[in-house]
Protein chains: 2
Amino acid sequence: MPRTIQENRQPSQLDVARAAGVSAQTVSRVMSGQPNVRPATVRRVLAAVDELGYRVHAAAVSLASGRTRVLGVIAVSTARYSSGALSVGIETIAAAEGYTVTTALVADHASPDAFLDAFDRLERQGAEGVILLAPVTFLDNAIGARAERTPTVLMHRLTGGIGTDTVVDQAAIARMATEHLLSLGHRTVWHVSGDDYWVESRVRRQAWEQVLTEHGITPPPVIPADWTPESGYRAGRTIAAIPGATAVFVSSDEMAFGVIRALHESGRAVPEDVSIVSVDDIALAAYAAPALTTVRQPFEAVGKAAATAVIDMVEHREPRPFEAIHPELIVRASTAPPRSA
Amino acid sequence: MPRTIQENRQPSQLDVARAAGVSAQTVSRVMSGQPNVRPATVRRVLAAVDELGYRVHAAAVSLASGRTRVLGVIAVSTARYSSGALSVGIETIAAAEGYTVTTALVADHASPDAFLDAFDRLERQGAEGVILLAPVTFLDNAIGARAERTPTVLMHRLTGGIGTDTVVDQAAIARMATEHLLSLGHRTVWHVSGDDYWVESRVRRQAWEQVLTEHGITPPPVIPADWTPESGYRAGRTIAAIPGATAVFVSSDEMAFGVIRALHESGRAVPEDVSIVSVDDIALAAYAAPALTTVRQPFEAVGKAAATAVIDMVEHREPRPFEAIHPELIVRASTAPPRSA
DNA sequence: TTGTACGCGTTATCAT
DNA sequence: ATGATAACGCGTACAA
C-alpha cells in the first residue's frame, strides 16, 4: 500500500455523494449551479453538504478545470495613498465577478528582475490575469513575453504597447494644474516633481514644460523630490530662496504639505506670496493650512476599470471601448492671483 | 475517450522528465531541492526546465501535498493609513517564508456575516492561516469554530480569547496621551473618539476615562467621531464652543487635522489655547500646522509580528513568547502647558 | 541515486 | 436527470 489514507480529512465531494445517495458528478453539478438536476436532488445534496460541512476544494477544481479565478496584483510597497484606494477598486470588482486577488509586493526602487520574480510568483499561484500597479516603462521589453500568455494590465502606462491602459491621463493633470496657475496671472510656474522611478512623475514634468513652452515661457529648472513630505519640505526651502517664485505645481498632496511648511517657516505666505497646486486630493488635502487646490485622481474608479479590463481579457470578452477616467481640478485656498496682479 | 487531451498545454513535470531523460520523481526532487540527486542529473533537469519554460503547478502541488502555503488576510476596506503599513509587514514576512497572501475585503461597518463569508472565501482558496485586520470583539463567538481548524490571528484584539494577540497595547496609547497632557498642567483632558465599530476606539476611551479617574478627575463627555478628518472638524467645532477646554486627546492623526482646522477657524490657537495629542504618527503628522504631538504605532512591525505568529501556528512551531510592541510618544508642537499654568 | 505505482478532489466526456 | 470513468500535475511510499 503506497500511502496511508488519511482519516480525519475534510469531507470530499464523494462523501457528500454517498451521504446524499447520489454520484459525485451530481454533487459537482449542484455545487456549480448547473441545470438539469431535479429540485429534490438538489435539496438532498445541499442538506448533505450542510451536515458534513463540505466545502469545495479550490486546488482540485483548478486542477480539473484548468481555471483558478485568481487575479494577481503586483504593487510597490510604499505607504503612498494611492495604493490603498486602487486596491479597494480592484477587490470590489474581483469579488463581484467571483475572482480572488493575490498580491505580490516589490520593494520601492526595485530592479526589473524583482518585478519579473513577482510575476512568476503570481503565475505559479495560477493567476489568470495580472495588474501591475507600478512604474513600468523600463519593464516593457522584459514583461512582454509573460504578458503574451497572461493577460496583463499596466496601471502606470500611458499609451500603446502591451496591455490595456486604464490609467488617468497624467499629462492632463499637469496641464490642468499649470494652466490654472497661469490663468490666475502668474508669469511662470515652478515644479516640484515626484520620484522619477515612477512614470507619472516624468510624464507630468514633460506636460508642465510643454504648457509653459506653449505660453512662450522658458521652463525654470525642476526641483526634484521623491513623493515624501520630507522631500517636499526640502523643495520648499529651495523655492523660498527664489525671489521671483510665485506659483508652484507640486506633484503630490503629501509633498505639498512639506512645501507649505517650508515656505511658512521662511516667511512666505501661501497663497499670498506663493500659490500651490498639487495632485491626488487625499482626504487630508482639504485640511491643510491653507486647504489645498489640487487635481483629484479617482483612484478607486481606476482600480475598478483595471480589474474589469483584466477580467474581460481573461474571459475572452470583447474588450470594452476604453473609457477615459478624467481628473478634476479642485480649487481650494492654496492658489490666488499673484500680488502684483 | 473521456476527454480530449489538450495539445498546447503548459509543460508538466513529465515533459521535463522525458526531455532530461529521467523520471518525473527526479524532477520533483530537483524542483523541491531535495538532496540525493547527482549534480549532473540536477543540471540536466534544470536545463530541461529552462528550455521548456516549465513552472510548478501550484494547484497540483497543493492537491498532492495537502499544503498551499497561502495566507489569508481579511481587511476592512477603508482608506485609513494603517491598513497599508500593516500589509507591507505581512507581505514581507510571508514572502520571506515562502507564503503567498490572498486578501478578502469586507465593507466598513459590515455585519459579522460578511466577515464569515470572507473567512469562507479564504478557506476555499486553501488559506492555511488567516489574519483578521478588523474589529472583532463582536465576532468572537462566530469566528470561534473556524479559528479552531484554521490558525487565526486577530489584529485588533486585546486580551485572551481566540488567536494570538500581536496588537499594540491600545490602552497604553491612551494612557500615554492623556498623562502627557495632564503632566503639562492641564486640569482635564477632552477626548475625540474614533468609530466605535473598531475595538481600539472603545479601548482607548476606557483607558482615557480611567486615567482621569485615577487622577481624581471626572471624565467629561466623549466627543464622538469616525476617524475621518471631516468628523474631526465637526468635533473641533464642538470643542471650540467649550470655554474650559484646553487639552484634547484625539484618537487619530487624521482627525486631529480636522480638529485643528476647526479650532483655528474659531480663533482658538493650538497649542496656546488648546493642546492636542493624537495617535498613529502618519507621515504627514510632522507637517501639520502645528506639527502633531502623537503616539506612534509601529504598524509595519505589527504586521510582521502577526504574519510570524500565524506562520508559527501553521507550521506547528512553538509559538514564540509574545513580544510586546510598544507605542511611543512623539512630542512635537501641538502640546504645551495651559495658559494659566 | 533513481524509478514505479498510486492517490489527492474535482471536472469533462460519454453513456444511460 | 444521473452515473461511470478518465484525466488534471504533482508528492509520497516503497522498491530497486
Side-chain angles (χ1 to χ4, degrees), chain A residues 1-45 48-49 52-69 123-126 128, chain B residues 1-45 48-49 52-69 123-126 128:
Chain A
M1 193 190 331
R3 182 198 288 203
T4 312
I5 292 180
Q6 292 190 8
E7 274 317 314
N8 289 340
R9 54 172 177 64
Q10 298 280 67
S12 76
Q13 202 178 59
L14 194 59
D15 297 321
V16 175
R18 280 199 271 259
V22 297
S23 73
Q25 185 51 38
T26 298
V27 177
S28 171
R29 279 191 266 258
V30 171
M31 294 311 287
S32 53
Q34 288 177 44
N36 297 341
V37 184
R38 256 209 321 258
T41 310
V42 172
R43 278 196 299 277
R44 282 218 311 287
V45 169
V49 164
L52 298 179
Y54 166 76
R55 10 222 328 155
V56 174
H57 193 301
V61 173
S62 161
L63 192 57
S65 70
R67 298 229 29 205
T68 59
R69 301 191 81 82
E123 280 191 330
R124 245 200 325 273
Q125 274 303 323
E128 300 189 280
Chain B
M1 193 192 328
R3 182 198 287 203
T4 312
I5 293 180
Q6 294 191 7
E7 274 318 313
N8 289 340
R9 56 171 175 65
Q10 299 281 65
S12 75
Q13 205 178 56
L14 194 58
D15 296 321
V16 176
R18 280 199 269 260
V22 299
S23 74
Q25 183 48 38
T26 299
V27 177
S28 172
R29 280 192 265 261
V30 171
M31 296 309 289
S32 53
Q34 288 176 45
N36 297 341
V37 183
R38 259 210 317 261
T41 311
V42 172
R43 277 196 299 277
R44 281 217 314 285
V45 170
V49 165
L52 298 179
Y54 166 75
R55 11 229 318 160
V56 174
H57 192 301
V61 173
S62 160
L63 195 56
S65 71
R67 299 228 30 204
T68 59
R69 301 191 80 83
E123 280 191 330
R124 242 199 330 271
Q125 274 304 359
E128 301 189 279

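In what follows, chains carry the letters A, B, and so on, assigned in the order in which the sequence lines appear, proteins first and then strands, with residues in each chain numbered from 1.
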Describe the nucleic acid contact of Ser62(B) in one word from base, sugar-phosphate, nothing, applying a heavy-atom distance below 4.0 Å.
nothing
Answer yes or no: is there a donor N or O on one side and an acceptor on the other, between the side chain of Ser62(A) and the main chain of Ala58(A), under 3.5 Å?
no
Set of salt bridge (Lys or Arg N to Asp or Glu O under 4.0 Å) partners for Arg69(B), sequence neighbours left out
Glu315(B)
Taking side chain to side chain contact (heavy atoms under 4.5 Å, CB included) as the test, write out the residues that go with Arg124(A), two or more places apart.
Arg121(A), Val56(B)
Between the first and last five pairs of the helix from dT1(C)-dA16(D) to dT16(C)-dA1(D), the angle of the axes, rounded to 10 degrees:
30°
Nearest to the side chain of Ala60(B), which nucleotide is it out of dT11(C), dC10(D), dT2(C)?
dC10(D)
Considering every strand and a 4.0 Å limit on heavy-atom distances, what is the contact class for Arg67(B): base, sugar-phosphate, or nothing?
nothing
By a strict heavy-atom criterion of less than 4.0 Å, which residues belonging to residues 23-34 of chain A are in contact with DNA chain C?
Gln25(A), Ser28(A)
Give the nucleotide from the list dG11(D), dA1(D), dT10(C) with an atom nearest to the side chain of Arg38(A).
dA1(D)
Counterpart residues, salt bridge (Lys or Arg N to Asp or Glu O under 4.0 Å), relative to Arg55(A) (two or more places apart):
Asp120(B), Glu123(B)
Pair up each side-chain donor or acceptor in residues 13-22 of chain A with any protein partner under 3.5 Å, not counting sequence neighbours, and list the distances.
residue  : atom : partner  : partner atom : Å
Asp15(A) : OD2  : Arg9(A)  : NH1          : 2.8
Asp15(A) : OD2  : Ser12(A) : N            : 2.7
Asp15(A) : OD2  : Ser12(A) : OG           : 3.4

Counting heavy atoms from C-beta on, name the nucleotide in dT1(C), dT2(D), dC8(C) closest to the side chain of Thr41(A).
dT2(D)
